[in-house]
A.B. asks: 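Pasting a structure below so you can have a look.
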Amino acid sequence: MKVRILLVVLMCVGLSAFKSSEERKIHLYLVGDSTMANKSEKRYPETGWGMVFQEFFKDGVVVDNHALNGRSSKSFIGEGHWDQVLNKLQPGDYVFIQFGHNDQKDRKPDRYTNPVTTYRANLERYVRETREKGAHPILLSSVVRRNFNDEGTLIDTHGLYPLITRMVSESVDVPFIDLQLLTEMKVIEMGPEKSQELYMCLQPGEYPNYPDGNKDNTHFNNFGAHVVARMVVEELKKKDILITDLK
């Protein structure tokens with residue numbers, strides 16, 4: 001009798017574990033800076049593209065956005081945020097890695113990285129430790145800043161960081177999404193005036209959270225965030241990544 005009861009208990013535990021494993025969804029972890037990060041209601045319409053990423057996936061995928069304002073590839077590790085992601089990672093998950101904006105801030109030693117040495121080493125670490133967990137890393141270059149000169153030419157502000165990201169992706173065979181190029185092409189196509197529609201360029205009184213208006217050529221509004229998120233999705237399709245999980 002006791003043996004039967006034990007067998008029943010073991011079967012129930014086994015079935016429960018199997019069901020739990022079977023029902024676990026794929027998690028997409030986003031690590032990066034403010035252009036990807038979640039925003040509070042008081043900052044609306046500012047929207048990180050990671051905030052709207054979930055909208056493009058079916059129910060079998062969960063987007064877990066760990067991106068944070070002001071973080072670089074260095075400070076995200078140094079403050080313990082990367083460890084929080086690693087502790088959650090399961091085989092089959094994905095990690096979208098996008099840094100660069102804050103790595104170039106040479107007056108902030110807790111954030112700054114030399115693009116050809118420390119920045120590269122940090123990206124390689126993210127990739128290596130993601131793979132050690134059985135998960136899949138994806139590298140992304142930084143989104144472009146809306147930085148037109150007086151003649152209407154869009155001027156780069158990122159220097160070597162996007163190139164190094166591409167080089168790391170090639171050297172360790174990781175999928176690469178060149179958001180620098182994609183957003184640059186979009187902003188140039190729209191031009192100096194119309195491209196303001198993507199960013200936090202607001203007129204006085206246009207939004208209650210910004211009664212005096214706003215002029216921010218780095219961060220996106222809700223519309224801009226959707227445009228960028230869709231760019232990422234289209235690149236996933238081209239690379240045959242997660243396509244069965246896309247809406």
A.B. asks: Just so I know, are the side chains of Q90 and R24 near enough to count as touching, which here means a heavy-atom distance under 4.5 Å?
C.D. replies: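 Sidechains of R24 and Q90: in contact.
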A.B. asks: Are the side chains of V61 and L246 in contact, using a 4.5 Å heavy-atom criterion?
C.D. replies: no
A.B. asks: Among side-chain atoms of S75 and R111, is any donor-acceptor pair under 3.5 angstrom?
C.D. replies: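 The answer is no; no qualifying pair exists.
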A.B. asks: Verify the distance criterion only: is there a donor paired with an acceptor across the side chains of T165 and Y119 at less than 3.5 Å?
C.D. replies: yes
A.B. asks: Report the distance from atom CZ of R125 to atom CD of E129, rounding to the nearest 0.5 Å.
C.D. replies: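 So the gap between those two atoms works out to 4.5 Å.
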A.B. asks: Report yes if the side chains of V233 and F53 come closer than 4.5 Å at any heavy-atom pair, otherwise no.
C.D. replies: yes
A.B. asks: Hydrophobic clusters here meaning ILVMFWY residues chained together by side-chain heavy-atom distances under 4.5 Å, can you tell me if I97 and I241 are in one?
C.D. replies: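 In one cluster: no.
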A.B. asks: Could you check E46, H226, Q196, M200 and say which one makes a side chain to side chain contact (heavy atoms under 4.5 Å, CB included) with N221?
C.D. replies: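 By the side chain to side chain contact (heavy atoms under 4.5 Å, CB included) criterion, N221 pairs with just one of E46, H226, Q196, M200: M200.
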A.B. asks: L68 versus D33: any side-chain heavy-atom pair under 4.5 Å?
C.D. replies: no
A.B. asks: State plainly whether one hydrophobic cluster holds both L140 and V85, where clusters connect Ile, Leu, Val, Met, Phe, Trp and Tyr through side-chain heavy atoms under 4.5 angstrom apart.
C.D. replies: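 No, L140 and V85 fall in different hydrophobic clusters.
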A.B. asks: Within the supplied structure, the quantity of interest is the number of heavy atoms (other residues, nucleotides, ligands) at a distance under 6.0 Å from K194 NZ; does it exceed 12?
C.D. replies: no
A.B. asks: Looking only at side chains, do N214 and Q203 share a donor and an acceptor under 3.5 Å apart?
C.D. replies: no
A.B. asks: Does K239 use its side chain to pair, donor to acceptor, with the backbone of F176 at less than 3.5 Å?
C.D. replies: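 Yes: the side chain of K239 pairs with the backbone of F176.
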A.B. asks: Between the main-chain N or O of I243 and the side-chain N or O of K237, is there a donor-acceptor pair closer than 3.5 Å?
C.D. replies: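 Looks like no, no N/O pair under 3.5 Å.
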A.B. asks: Measure from the side-chain N and O atoms of S195 to the backbone N and O of G191, and report whether any donor-acceptor pair falls under 3.5 Å.
C.D. replies: yes
A.B. asks: T35 and H219: side-chain donor and acceptor closer than 3.5 Å?
C.D. replies: no
A.B. asks: Between T157 (side chain) and N147 (backbone), is there a donor-acceptor pair under 3.5 Å?
C.D. replies: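 Not at all, since once roles are kept as given, no pair shorter than 3.5 Å links the two residues.
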A.B. asks: Looking at H27, is its backbone amide N or carbonyl O close enough to the side chain of D93 to form a donor-acceptor pair, meaning the two atoms are under 3.5 Å apart?
C.D. replies: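 Pair found, side chain donor or acceptor close to backbone of H27.
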A.B. asks: Report yes if the side chains of K88 and D64 come closer than 4.5 Å at any heavy-atom pair, otherwise no.
C.D. replies: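 Heavy-atom side-chain distance check passes, below 4.5 Å.
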A.B. asks: What is the minimum heavy-atom distance between P175 and P137, and which atoms define it?
C.D. replies: CD-O, 3.6 Å
A.B. asks: Report yes if the side chains of V143 and Q98 come closer than 4.5 Å at any heavy-atom pair, otherwise no.
C.D. replies: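 They are in side-chain contact.
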A.B. asks: Return the minimal non-hydrogen interatomic distance between M36 and L30, and the atom names on each side.
C.D. replies: SD-CB, 3.5 Å
A.B. asks: Within the 3.5 Å criterion, strictly below it, is a donor on H158 or Q104 matched to an acceptor on the partner's side chain?
C.D. replies: no
A.B. asks: Can you hop from I138 to Y161 via hydrophobic side chains spaced under 4.5 Å?
C.D. replies: no
A.B. asks: Please say whether more than 12 non-hydrogen atoms of neighbouring residues, nucleotides or ligands are located less than 6.0 Å from CG in N87.
C.D. replies: yes
A.B. asks: Testing V174, D178, V95 one by one against L139 for a side chain to side chain contact (heavy atoms under 4.5 Å, CB included), which residue passes?
C.D. replies: V174
A.B. asks: Rounded at 0.5 Å granularity, tell me how far OH in Y112 sits from CG in D106.
C.D. replies: 6.0 Å
A.B. asks: Side-chain donor-acceptor pair under 3.5 Å between S72 and N102, yes or no?
C.D. replies: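 Not at all, the side chains of S72 and N102 share no donor-acceptor pair under 3.5 Å.
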A.B. asks: Checking H101 against D103 for the side chain to side chain donor-acceptor pair (under 3.5 Å) test, could you report, in this order, the C-alpha distance in whole Å, the side-chain angles of both residues, the deciding distance, and whether it holds?
C.D. replies: CA-CA 6 Å; H101 269 298; D103 285 80; over 6 Å; no
A.B. asks: Do S34 and N69 have a side chain donor and acceptor closer than 3.5 Å?
C.D. replies: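 S34 vs N69: no donor-acceptor pair found between side chains.
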A.B. asks: I'd like to know if the side chain of Y29 and the backbone of L86 have a donor-acceptor N/O pair within less than 3.5 Å.
C.D. replies: no
A.B. asks: Does the Q54 side chain pair with the main chain of V63, one donor and one acceptor, at a distance under 3.5 Å?
C.D. replies: yes
A.B. asks: Search all heavy atoms of Y210 against all heavy atoms of R43 and return the closest pair with its distance.
C.D. replies: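 Minimum heavy-atom contact is OH-O, 2.8 Å.
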A.B. asks: Verify the distance criterion only: is there a donor paired with an acceptor across the side chains of H81 and D83 at less than 3.5 Å?
C.D. replies: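 No, because no side-chain N or O of H81 sits under 3.5 Å from a partner of the opposite role on D83.
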A.B. asks: Looking only at non-hydrogen atoms, find the nearest pair between S73 and Y126 and report the distance.
C.D. replies: O-OH, 2.9 Å
A.B. asks: I'd like to check V62 versus L28 (side-chain heavy atoms, cut-off strictly below 4.5 Å). Are they in contact?
C.D. replies: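 V62 does not reach L28 side chain to side chain.
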A.B. asks: Checking the side chain of T113 only, and the main-chain atoms of T118 only, is there a donor and an acceptor separated by less than 3.5 Å?
C.D. replies: no
A.B. asks: Determine the minimum heavy-atom distance between A229 and F56, stating which atoms define it.
C.D. replies: CB-CE1, 3.6 Å
A.B. asks: Return yes if some donor-acceptor pair links the side-chain N/O of T130 with the main-chain N/O of R128 below 3.5 Å, else return no.
C.D. replies: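 Judged by distance alone, no pair lies under 3.5 Å.
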A.B. asks: Restricting to non-hydrogen atoms, name the atom on Y199 and the atom on V144 that form the minimum distance, rounded to 0.1 Å.
C.D. replies: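 Scanning both residues completely, I find the closest heavy atoms to be OH-O, 2.9 Å.
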A.B. asks: Is the shortest heavy-atom distance from the side chain of R131 to the side chain of V172 under 4.5 Å?
C.D. replies: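 Yes, close enough: below the 4.5 Å cut-off.
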A.B. asks: May I ask whether F223 and M231 are part of the same hydrophobic cluster, defined by side-chain heavy atoms of I, L, V, M, F, W, Y residues being less than 4.5 angstrom apart, directly or through others?
C.D. replies: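 Yes; M231 is reachable from F223 via cluster members.
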A.B. asks: Kindly say whether P109 contributes a backbone atom to a donor-acceptor pair with the side chain of K74 at under 3.5 angstrom?
C.D. replies: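 The answer is yes, because a donor-acceptor pair under 3.5 Å joins these two groups.
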